[in-house]
Structures are given as C-alpha cells and as structure tokens.
Amino acid sequence: MNRPDDPPLGTSGDAAEPLKERDFIRQIVADDVRAGRNGGRVHTRFPPEPNGYLHIGHAKSIHLNYGIAQEFGGKFNLRFDDTNPETEETEYVEAIKADVRWLGADWEDRLFYASDYFDTLYAWAVHLIENGKAYVCSLSEDEVRAYRGTVTEPGRPSPNRDRPIAESLDLFARMKAGEFPDGTYTLRARIDMAHPNMKMRDPLLYRIKHAHHHRTGDAWCIYPFYDFTHGQSDAIEGITHSICTLEFEVNRPLYDWFIENLPVPHEPHQYEFARLNLTYTIMSKRKLLRLVREGHVTGWDDPRMPTICGLRRRGYTPEAIREFNNRIGVAKADSTVDYSLLEWSIREHLNRVAPRVMAVLRPLRVVITNYPEGQVESIECLDNPEDPASGTRQVPFSREIYIERDDFREDAPAKFFRLTPGREVRLKHAYYINCDQVIKNDRGEVVELRCTYDPATRGGDSPDHRKIKGTLHWVSCAHAIDAEVRLYDHLFNRPLPEEGDGFLANLNPGSLEVLTGCKLEPSLAGAQPGDRFQFLRNAYFCVDTRDSRPGALVFNRTVTLKDTWAKIESKG
RNA sequence: UGGGGCGUCGUCAAGUGGUAAGACACAAGGUUUUGGUCCUUGCAUUCGCAGGUUCGAAUCCUGCCGCCCCAACCA
C-alpha cells in the first residue's frame, strides 16, 4: 500500500549521474568540459530584468542554470539586467531574490547588476567609436525605423554613418554629460544596413533617458541597450555558458560581434532553449501585469497566478517545482506542457510529506442516537500512512458529528459506496454507522441524519471483519473549529487562453470558490501560515500566509486528490 | 518569404544509420480503515509529407508542407 523504501525528502529525480547529459545543453557543457574549454570551468547565470515577478517559466531557466552549475562543479550567478530605469524597481529586485532563494538556487556571494558595469560599457562604447565601429546618430525614432528597411528589403545607411570619429566621440561625451534631451541622439554600431538579420542593421547601443535608476540614481542619463549589455556582462563575470530562450537566437550573431570587437576578458557563448508554456496558463509578464493592474486577481501572489510567489502561496513546494522541471526536459521545440504534470508533481511530494487531517467543507449534521449523550472519546488517528516516521494524534469523537454533504445520498446508485439508508459505512478510525432516518426542512432539503453505531467496531474494524466499502471523514460538532476555505481552479477556462477572444475573455469565473463555516478537527487550531495538510479524501491545503489569523484560519486548496468517483459518476 | 529555428504517441521527450526509451494523461485489473497512495497490464509496425541513397533510415540526400522568432530609442 505504501512504499517502504521511500527516498528521503526532496531527493526524487536526483539520480545524480544519469542526469548529467539528459538534454542538449548539458551535452554541450559536458563536451566542453571534456575538451578542456574554459579550463574545464563551468559558470552560468540567471539574468532577470527587475520589472516584474518571476513565474514558473523562469523557474525552468533557474533550475537549468543552477542545475548545470551544480552538476558540473561550477558556479552560478544572479544578475539583474537593469538597463531600463523606466520600468525597473527595487521592489521587483527584492521579490526576485526571495523567489530564487526559495526555489533553492544559491548564488552565494555572486549577486550582480548590469548597472555595475555601466562604466566599463561606456568605455567599450568609446572603444568602438575610436575603431570606426560605432557612431552617434541623429535620426529620430521614426527615421531609424524607416531607414532599417524590412525583412525583405535592405535598409539604408544613416546620414550620420560616416560621421567623423572625433565628432562622434564629442557627441557621445556630451550625451553622457546630459547636454541633450531624450531621443535626440543614439549611439549605433556600424555593421551592415543590408544584413539579412535585422538585428545586425546598425543596432542601437545607447539611448538618452533622463530617468532615475533604481541603483545608479541620477548618475547616468544615457543607458545601454540589452544587446550591448548582456554578452559583455557575461564576459565580465566569466560566464562560460550563457543560456537563454529561443527568441534570442537571432541576437546571437550580434552577441558574438560585440565579444569579437571589444577587449573583453573572456569569451562566453550563448545557447538557446524553448521557453515553458503551460496549458490553462499565460506566461507573458506584460499580461500578468494586466491581470494584477485590472484586478482580475488580487495581486502577483494570488494563488491562481503562475508566479513563483503565487504558487508558493497556493501551497506548492520548491521540491515539486524542481521535480516538474526535471520531467519536462529541455529542448528547442516550442511546446506547451500539460498542467496535469504540474499537479502530478505537487501531489507526488505532498503525498509523502503532508499530514492527514479531517475537515468537513460542506457540513451535514449526524446524530448517533445510540451513542451516550455527553460522552467524548479520544480517537487515535494516523498522521500519514505514507510516512512511517509520522506519528498519531488524538481526535475527539462524540454523539453529534459532521460529515460531508456529498457523502450522503438518499437515493444512491449501487456504485455509491458512501452513506445512504441501509448501507453501513465506516467513520475513519472510529466506528461503523448505519443511517436510520433522514430529517428534512420545509423545502425538502436534508438537514440532519439520525444514525446508529456499532460499539464493537471501535477503531474502524469489526470482530467479524465484515467488508465495508465506504470510509468517511468526520468532525465532532462540539469540538470542531470553523475556518474559511478557498477552492482554486484554473484561472482560464481554455487550455490555450490566447485562443478565441483573447486571454481576458477566457478568464474562468469559477477559478475561486470561497467556503465559510467549514468544520475542522481541533488539532488544526494551532496551524501556522504556510503549513500544508491533506484534508482526508479531499485535497491538499495550506494555511494562507496573507489572510489567515489564529482563530480565523484561512486555507488555500493547493491541488485536489484524484477523484475516481467523480469520474465514474460523470460517465453515468 | 530575406534571415534564423523547429516538426517523434493526446501532452512533454529520448533517439546522432542497425530495426521507436521514459514520464504525464488515458483505459482495464489487483491491494487498500483516504473511490488517495501503491502494484500489474494496455496505449506510435511508426517518427510532418513525397521521393532518393543503403542489406538496413526517425536518423543521410532532395523537394515540398506546417509552426515559431526577427522590422521597440523593451529585455
């Protein structure tokens, strides 16, 4: 029934050796190490822009980069790609650091910012100008666009392309000195305006932005672009394998061009893999921002969000996210992973570690008529049958209990193993009961059940070992504590939310159902924010870290248990 | 259509000329004091399509078809 040789916590998927070359990037890294490139050194980095929160797609990159560093005895840096002061904030920096740490990636003392390199980048820009490989351009934004041509037509050279070096040098210095307003000048590389790769048509290196930077303050009014920053930052940090997503593939020739034409201390190489897509989920930072700003969710950490903080609040564990990443693989084909794999990953972990407790979400009162009034028994309950190290706890049992409304049906089909008049069921760890009477209100709704129990079945087994098909969870009415329970479902009601009339039109109106007056066994009274449980026969839940209070607990449903009965029923 | 990529089971994904791994999902059984877990079994004569090379091709060649990325003073 369970696995006696369970590996210790958090080691699933960590079969060490066989994992080493399991994807094309690790094969490249392994080849490089074998060939002694970079002196056998491996150094990766995760380079987020601090303009939003991390999501599950970023986790894929973090695990890839950090995993490779670990597996090859290398190093891993966290570097903020903060070259656009208008969208970047310290709030995001702090949130990203917390998320990366929580996921388990350790950058040790190597926390860097591209803005740390502004002086070097400036010097290197001057170097390019001096070598006739960059020039200051006076074209306006619209003109730059027009001169660039299209994918099928070559561009035309900027009228400033042959500006004398001395003049560009002077202008660039004055751009830096703040003599010109935004948009009046740019620094551009002098490559090839007819290049078939649009990225190589004299790309922009610097723009003027009189904006306050979250780290450098007002020290600069010119800022380098991504392409002029990323590879050079990798070079400065000694990054050996610069791993990014597929859309940067067209940027690679430019990445290499800067490495070749600048006096860099090291030559990094870029490799690209397919970014993660998940069914029923959107991953675009811009669109996630919209969900937050327009109030479709309560914030970046709304448990329905695919953000790391959202998943954390939902009850996901770092182990589960890592296991998920181990299973989806790394390749170059665009793909969309089934959400069910993410759910499988969290169930797989929580099944092993989450204590079982009894909670009745939609209570129905049951009076056990032959149970002595006023008597209270203490029932010993197993905390987790999957974990031999877990213990037991005492749960009070009495004459009046709550059971789940769905666990009773007056007219039940043969396959319904739960409570119905004339069918005996077991109360988990307690007694067998039979339903004798159904009490209804004026509207004909069932409001209470009168049952009798078999005193010989204490503990949930009978001397004659008669077969009992159904086992129900229960909570003693007098001892129950109340709680709010939030049932989450997919944020979108389509596997591909962008289809149809767009993601906003496909929001799932039933993505959150709030239940109040739920009845919990009293052992849960001291549950702390973040604590995870399996509500027996129902789902995994965790105590909300934002809204839960002692005496007014709030639980988030992380993921349901598999529900074979629901499947049988839906088939009719 | 100028360039760059990618097309193997419903979804991911191994495979690198020797005769289609694995996982999730799904289906059928078994165990079970969670209709959970666990166990067993099934699930691509076929690798976008069409030719060709070869004793032998998902792997090599040719030609098609389809999808993604690039024309932000975003990253």
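Note that the coordinates shown come from a computational prediction; the quantities given were computed from them, not determined experimentally. Hydrogens, waters and symmetry mates are skipped; everything else that's a heavy atom, side chains included, is used.
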Atom [atom1], compared across [N] and [M]: separation rounded to whole Å:
| N | M | atom1 | answer |
| --- | --- | --- | --- |
| B:U46 | B:C9 | P | 13 Å |
| B:C24 | B:G56 | P | 38 Å |
| B:A58 | B:A27 | P | 32 Å |
| B:G63 | B:G22 | C1' | 35 Å |
| B:G18 | B:G2 | P | 37 Å |
| B:A71 | B:G15 | P | 33 Å |
| B:A25 | B:C64 | C1' | 34 Å |

Looking only at side-chain N and O atoms, does [X] come under 4.0 Å of OP1 or OP2 in [N]?
| X | N | answer |
| --- | --- | --- |
| A:Lys567 | B:C26 | yes |
| A:Arg275 | B:A75 | no |
| A:Thr150 | B:G2 | no |
| A:Ser335 | B:A13 | yes |
| A:Lys562 | B:G35 | no |
| A:Arg22 | B:G15 | no |
| A:Arg252 | B:C70 | no |
| A:Thr83 | B:A75 | yes |
| A:Lys571 | B:A27 | yes |
| A:Gln27 | B:G15 | yes |
| A:Arg356 | B:G36 | no |

Base partner of [N], which must satisfy Watson-Crick or wobble distances under 3.5 Å:
| N | answer |
| --- | --- |
| B:C38 | B:G30 |
| B:A20 | none |
| B:U62 | B:A50 |
| B:A44 | none |
| B:A14 | none |

task = Please answer whether B:A75 and A:Phe225 are stacked, defined here as ring centres separated by less than 5.5 Å and planes angled under 30°.
result =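 Whether judged by distance or by angle, A:Phe225 falls short somewhere, so it does not stack on the base of B:A75.
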Notebook entry, point to check: When you measure from the centre of the six-membered ring of A:Trp220, is the NZ or CZ of A:Lys176 under 6.0 Å away and within 45° of the axis?
Noted result: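 A:Lys176 over A:Trp220 ring: yes.
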At under 4.0 Å between heavy atoms, what does [X] touch on the DNA or RNA strands: base, sugar-phosphate, or nothing?
| X | value |
| --- | --- |
| A:Thr336 | sugar-phosphate |
| A:Leu536 | base |
| A:Gln534 | base |
| A:Asn538 | nothing |
| A:Lys199 | base |
| A:Lys209 | sugar-phosphate |
| A:Leu205 | nothing |

Aromatic ring centroids of [X] and [Y] under 6.0 Å?
| X | Y | result |
| --- | --- | --- |
| A:Phe228 | A:Phe258 | yes |
| A:Tyr431 | A:Phe397 | yes |
| A:Trp565 | A:Phe416 | yes |

Is a donor-acceptor pair below 3.5 Å formed from side chain A:Arg537 to base B:G35, judging by atom type as modelled?
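No, the side chain and the base share no sub-3.5 Å donor-acceptor pair.
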- Check: B:G36 base within 3.5 Å donor-acceptor of A:Glu386 side chain: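 Flag set: donor-acceptor pair detected.
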| field | Passing option when A:Asp202 is tested against A:Arg148, A:Arg190, A:Arg156, A:Arg161 for salt bridge (charged side-chain N to carboxylate O under 4.0 Å, His left out) | value |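 The option that passes is A:Arg161.
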Counting side-chain heavy atoms from CB outward, which of [options] is closest to [X]?
| X | options | result |
| --- | --- | --- |
| A:Leu204 | B:C73, B:A71, B:G35 | B:C73 |
| A:Glu141 | B:C73, B:G36, B:A75 | B:C73 |
| A:Ser340 | B:U16, B:A25, B:G35 | B:A25 |
| A:Val151 | B:G36, B:C70, B:G5 | B:C70 |

Separation of atom CZ in A:Arg26 from atom P in B:A14, rounded to whole Å
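So the two atoms are 11 Å apart, to the nearest Å.
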Whether over 12 other heavy atoms sit under 6.0 Å from A:Arg393 CZ:
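Count over threshold, so yes.
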key: A:Arg34, CZ: over 12 other non-hydrogen atoms inside 6.0 angstrom   =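 Yes - once you tally the heavy atoms of other residues, nucleotides and ligands closer than 6.0 Å, there are more than 12.
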